[in-house]
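Take a look at the structure below.
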Amino acid sequence: MGADRERSGRRGPARVVAYAVCGVVLLGGCASMPDSGDLRGVESTPRQDPQVRVFAMPPREDDSPTEIVQGFLEALTSNEPEYETARKYLTGEAARTWEPERSTTVLTGGPGTESDHSGSREDADDYSVTLTGTRVATVDAQQSYAPANGQYREPVHLTRDNKSGQWRIDALPQGVIMGKSDFQRTYMSVNKYYFASNTAPVTQAGTSAQPAAVADPVYVRRLVDPMTQVVRSLISGPTRLLGPVVRSSFPTGTALAKNVESLTPDDRNKLTVRLNDRAAGVGADTCDEMAAQLLFTLQNLTPVVDEVELRSDGGQLCSLTEDRAETVATRGSAQRPDYLYFIDDEDRLVRIAAGSSGTRPEPVPGALGEGVAALRSVAVSRDEHSAAGIGLDNKSLYVGSMVSGGSLGDPVLVSKGKTEATRLTPPSWDAQGDLWIADRDPADPRLLLLKEGKGEPVEVRTPGLDGRVQAVRVAADGVRIALIVEKDGKRSLLIGRIERDGRAGRTSAVTVLELRSATPELEEVTAMSWAGDSRLVVVGRERGGVQQIGYVQVDGSTPEASVPAALTGVKEIAATEDERLPLVAYSEDVIVRLPSGLQWQKVTEGTAPVYPG
């Protein structure tokens, strides 16, 4: 039975008891479901406690076709691993060919059902209905989430068995369908971790380059052994979107050993993972990377995992603790910057210790902190050794080192745009030390990259980009980029994949592919910043709404993190992948910050706050 819905009509004692529990535990959250009329819906009600377990009820002998369809839809929201009860609503052949794992379709409300009046009658031996609704998202066979829109209409056909007289579904769409609140209760987002493929894999002799870990979010069923689900998903490889730019240290064909059904850490929080023989020959360094992938992936699941041991063919391959995992690969969320940077009232680059309660900034060492050039916006490299600044008129880009006595020199890029709004965007540094920026000149709009912040700018190819880039932020993993893009007066947040063609003897070509909206419900995105390995903080508004601050995932879903405290007049916002550091914003002509669990606090006068990146 669905936890947030009820089927009406005559029911047996067991079903009545289940409803009574639903009414008490869920505070009356069960919705009434009519059995007559042309349009019916499995209502999706406000989100319930995610730990509530939903138990599906099997069909009764006298269930009508309408009740069979509604019972099947309810059973889809249960916590059964193989949808055992849902299959009881299907004919034998349909149960064998139905593939619930192929996809999950999420609708605004619960799926409705329209009867086919052209030929369906309950007094005949077949019956047809159409499932209807408004799409919100889909989760594909790789468990990857993507926003969706438009109407959902899929036919369902039922037949009556000649011997038993019972109705069963014999034709239905593949996959699972449910309302948004049922999806939020039933599924949870988990980051799988792979390595950026532009960092070389380890060899038997080792390598000096530490690979960058890349978060690949997937949705797993919350109460159906999520740890085992996500480990299987991790080992099977990255989702299609990230596949071209990441690698996995698990050898091709690796899987859990045949007799492994469930994974649970022991009382010392150590998880033993037994793999098939494809992993038997890996070296120690490769095995450490495999274990690091597992530890990073399992970090936010319960029960807690502090150590992973990998075994194959009855022998131990390696064992890795959480502390050692950080020495195997770098993660943006584990890199804590030293300072928060912004521009003071003298148009200089200044800084305050990151995470401190200080309110008195100091100029950064070097020309940008000495006021050699008056600045409008800035970006600081992730190693905090270099900075890039845009002049007051948004026309010129300067790059300088943050060492005392350093000179600034001529601009490394000059826009030909005729107004401030049609010139350069604020810049952004990636993990490789390269500088990204967009020129908004209508006559020649371009997304540009400057290798190590100098030299001739490389124009980044952006096939499929429809609109003009207004803001650029590159993720710490170096393989994803966030762009605010304007088209027809609407500004959207798009996330894309960065691909580099670095073949020997050729100038490296850089392309941004698979640009997708991360904020389909927002009409106007005015500011954004990375705020986790797969999360951003966004300032924007819905159609007809007011400005708001919220978090979004790179896949366009809404994370479970609490919404930041309201703040009016936000023009710029800064966050870092290390989620322990406070949000910082420029609002009402002052810099403010939001310490965890507190309200916004004034820091000082200034503009353009940024963390490194």
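Annotation: the span from Asp434 atom CG to Ser381 atom OG amounts to 11.5 Å, rounded to 0.5 Å. Interatomic distance, CG of Leu298 versus CG of Asn269, reported as 12.0 Å (0.5 Å rounding). In this structure, CG on Leu581 lies 5.0 Å from OH on Tyr611, to the nearest 0.5 angstrom. Note that OG of Ser386 and CH2 of Trp429 are 5.0 Å apart. Values are rounded to the nearest 0.5 Å. How far CZ of Arg516 is from CD1 of Ile495: 11.5 Å, rounded to the nearest 0.5 Å. To the nearest 0.5 Å, the span separating CD1 on Ile437 from CZ on Arg423 amounts to 13.0 Å.
A side-chain donor from one of Asp555 and Ser557 sits under 3.5 Å from a side-chain acceptor of the other. Between the side chains of Thr425 and Gln470, not a single donor N or O lies within less than 3.5 Å of an accepting N or O. Side-chain contact of Lys192 with Ser233: a donor-acceptor pair under 3.5 Å is present, judged by distance alone. Checked by atom type, the side-chain pair Asp533/Tyr193 shows a donor-acceptor distance below 3.5 Å. Using a 3.5 Å distance cut-off with no hydrogens or angles, the side chains of Asp323 and Thr321 do not pair a donor with an acceptor. Between the side chains of Gln70 and Thr113, a donor-acceptor pair is found at a separation under 3.5 Å.
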### Task
Check the pair Arg222, Gln229 against side-chain hydrogen bond (donor to acceptor under 3.5 Å, both in side chains), reporting the backbone distance first and the verdict last.
CA-CA 10 Å; Arg222 189 185 297 271; Gln229 285 186 75; over 6 Å; no
### Task
Let me see the working for Gln293 and Ser248 under side chain to side chain contact (heavy atoms under 4.5 Å, CB included), right down to the final yes or no.
CA-CA 8 Å; Gln293 286 183 251; Ser248 176; 3.4 Å; yes
### Task
Start with the C-alpha gap between Ile390 and Leu375, add the side-chain angles, then the distance that decides, and say whether side chain to side chain contact (heavy atoms under 4.5 Å, CB included) holds.
CA-CA 6 Å; Ile390 304 293; Leu375 301 176; over 6 Å; no
### Message
Under the criterion side chain to side chain contact (heavy atoms under 4.5 Å, CB included), I'd like the reasoning laid out for Ile573 against Ile549: C-alpha separation, chi angles, the key distance, then a yes or no.
### Response
CA-CA 9 Å; Ile573 197 157; Ile549 305 174; 3.9 Å; yes
### Task
Would you check, one step at a time, whether the test salt bridge (charged side-chain N to carboxylate O under 4.0 Å, His left out) holds for Arg491 with Glu486?
CA-CA 4 Å; Arg491 293 192 176 193; Glu486 182 175 13; 3.5 Å; yes
### Query
Should Leu349 and Tyr341 be marked as a side chain to side chain contact (heavy atoms under 4.5 Å, CB included) after you check the CA-CA gap, both sets of side-chain angles, and the distance that decides it?
CA-CA 7 Å; Leu349 179 58; Tyr341 299 84; 4.0 Å; yes
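Counting heavy atoms of neighbouring residues, nucleotides and ligands inside a 6.0 Å radius, atom CD of Glu605 does not exceed 12 of them. Annotation: Glu521, atom CD; neighbour count of heavy atoms from other residues, nucleotides and ligands within 6.0 Å does not exceed 12. Under a cut-off of 6.0 angstrom, the local environment of CD in Gln151 is crowded, with over 12 non-hydrogen atoms contributed by other residues, nucleotides or ligands.
Val106 has its side chain out of reach of Thr138: every pair of non-hydrogen atoms, C-beta onward, lies at least 4.5 Å apart. For the pair Val305/Leu295, a side-chain contact is recorded, criterion being any heavy-atom separation below 4.5 Å from C-beta on. Two residues are said to be in side-chain contact when any heavy atoms from C-beta on lie closer than 4.5 Å; Ile177 and Leu107 meet this criterion. Residues Leu522 and Leu493 have side chains not in contact (no heavy-atom distance under 4.5 Å, counting atoms from C-beta outward). Looking at heavy atoms from C-beta onward, Leu397 lies in side-chain contact with Leu435 at the 4.5 angstrom threshold. Side-chain contact between Glu542 and Glu524: absent, with no pair of heavy atoms (C-beta onward) separated by less than 4.5 Å. Side chains of Val214 and Arg480 form a contact here, defined as non-hydrogen atoms less than 4.5 Å apart. Two residues are said to be in side-chain contact when any heavy atoms from C-beta on lie closer than 4.5 Å; Ser596 and Arg580 fail this criterion.
Tyr194 places a side-chain N or O within 3.5 Å of a backbone atom of Leu234 that can act as its donor or acceptor partner. Judged by distance alone, with hydrogens and angles left aside, the side-chain atoms of Asn394 form a donor-acceptor pair with the main-chain N or O of Glu420 at under 3.5 Å. Using a distance-only test at 3.5 Å, with no hydrogens or angles considered, a donor-acceptor pair links the side chain of Gln299 to the main chain of Phe296. The closest donor-acceptor contact from the side chain of Arg348 to the backbone of Val364 lies at 3.5 Å or more, if one exists at all. When atom types are taken as modelled, the side chain of Ser517 and the backbone of Leu494 share no donor-acceptor pair closer than 3.5 angstrom. Put simply, the side chain of Thr186 never gets that close to the backbone of Phe183: no donor and acceptor are under 3.5 Å apart. Not a single donor-acceptor pair under 3.5 Å links the side chain of Ser534 to the backbone N or O of Gln553. Side chain of Glu577 to backbone of Ala531: no donor-acceptor contact under 3.5 angstrom is found. For Trp600 (side chain) and Ala565 (main-chain N/O), a donor-acceptor pair under 3.5 Å exists by modelled atom type. Of the possible polar contacts, one joining the Thr526 side chain to the Val539 backbone as a donor-acceptor pair under 3.5 Å is found.
The nearest pair of heavy atoms linking Ala527 to Lys571 is CB-O, 3.9 Å. Across all non-hydrogen atoms, the minimal contact from Ala574 to Pro609 is CB-O, 3.4 Å. Residue Pro427 comes nearest to Ala388 through the heavy atom pair CG-CB, 4.0 Å, listed as atom of the first residue, atom of the second, then distance. Nearest approach of Leu340 to Val610, heavy atoms of both residues: CD1-O, 3.4 Å. Scanning both residues, Thr105 and Arg135, for their nearest heavy atoms gives CG2-NH1, 4.1 Å. Nearest approach of Ala518 to Val554, heavy atoms of both residues: CB-O, 4.4 Å.
A salt bridge does not link Asp488 to Lys490: none of the charged side-chain nitrogens sits closer than 4.0 Å to a carboxylate oxygen. Between Glu579 and Arg535, at least one side-chain nitrogen of the basic residue sits less than 4.0 Å from a carboxylate oxygen of the acidic one, meeting the salt-bridge criterion. A salt bridge links Glu514 with Arg240: at least one charged nitrogen is closer than 4.0 Å to a carboxylate oxygen. In summary, Arg331 and Glu326 engage in a salt bridge, as defined by a charged side-chain N under 4.0 Å from a carboxylate O. The pair Glu384-Arg351 does not count as a salt bridge, with every side-chain nitrogen at least 4.0 angstrom from each carboxylate oxygen.
Looking at residues two or more places apart in sequence or on another chain, you find no side-chain hydrogen bond (donor to acceptor under 3.5 Å, both in side chains) involving Arg360. Scored by the side-chain hydrogen bond (donor to acceptor under 3.5 Å, both in side chains) test, Glu523 finds Arg541, Arg543 as partners (sequence neighbours excluded). Taking Gln548 as the reference, nothing meets the side-chain hydrogen bond (donor to acceptor under 3.5 Å, both in side chains) condition, with sequence neighbours excluded.
A centroid separation of 6.0 Å or more is found between the aromatic rings of Tyr187 and Tyr219.
With respect to Asp216, the side chain to side chain donor-acceptor pair (under 3.5 Å) criterion is satisfied by exactly one of Thr297, Asn191, Thr239: Thr239.
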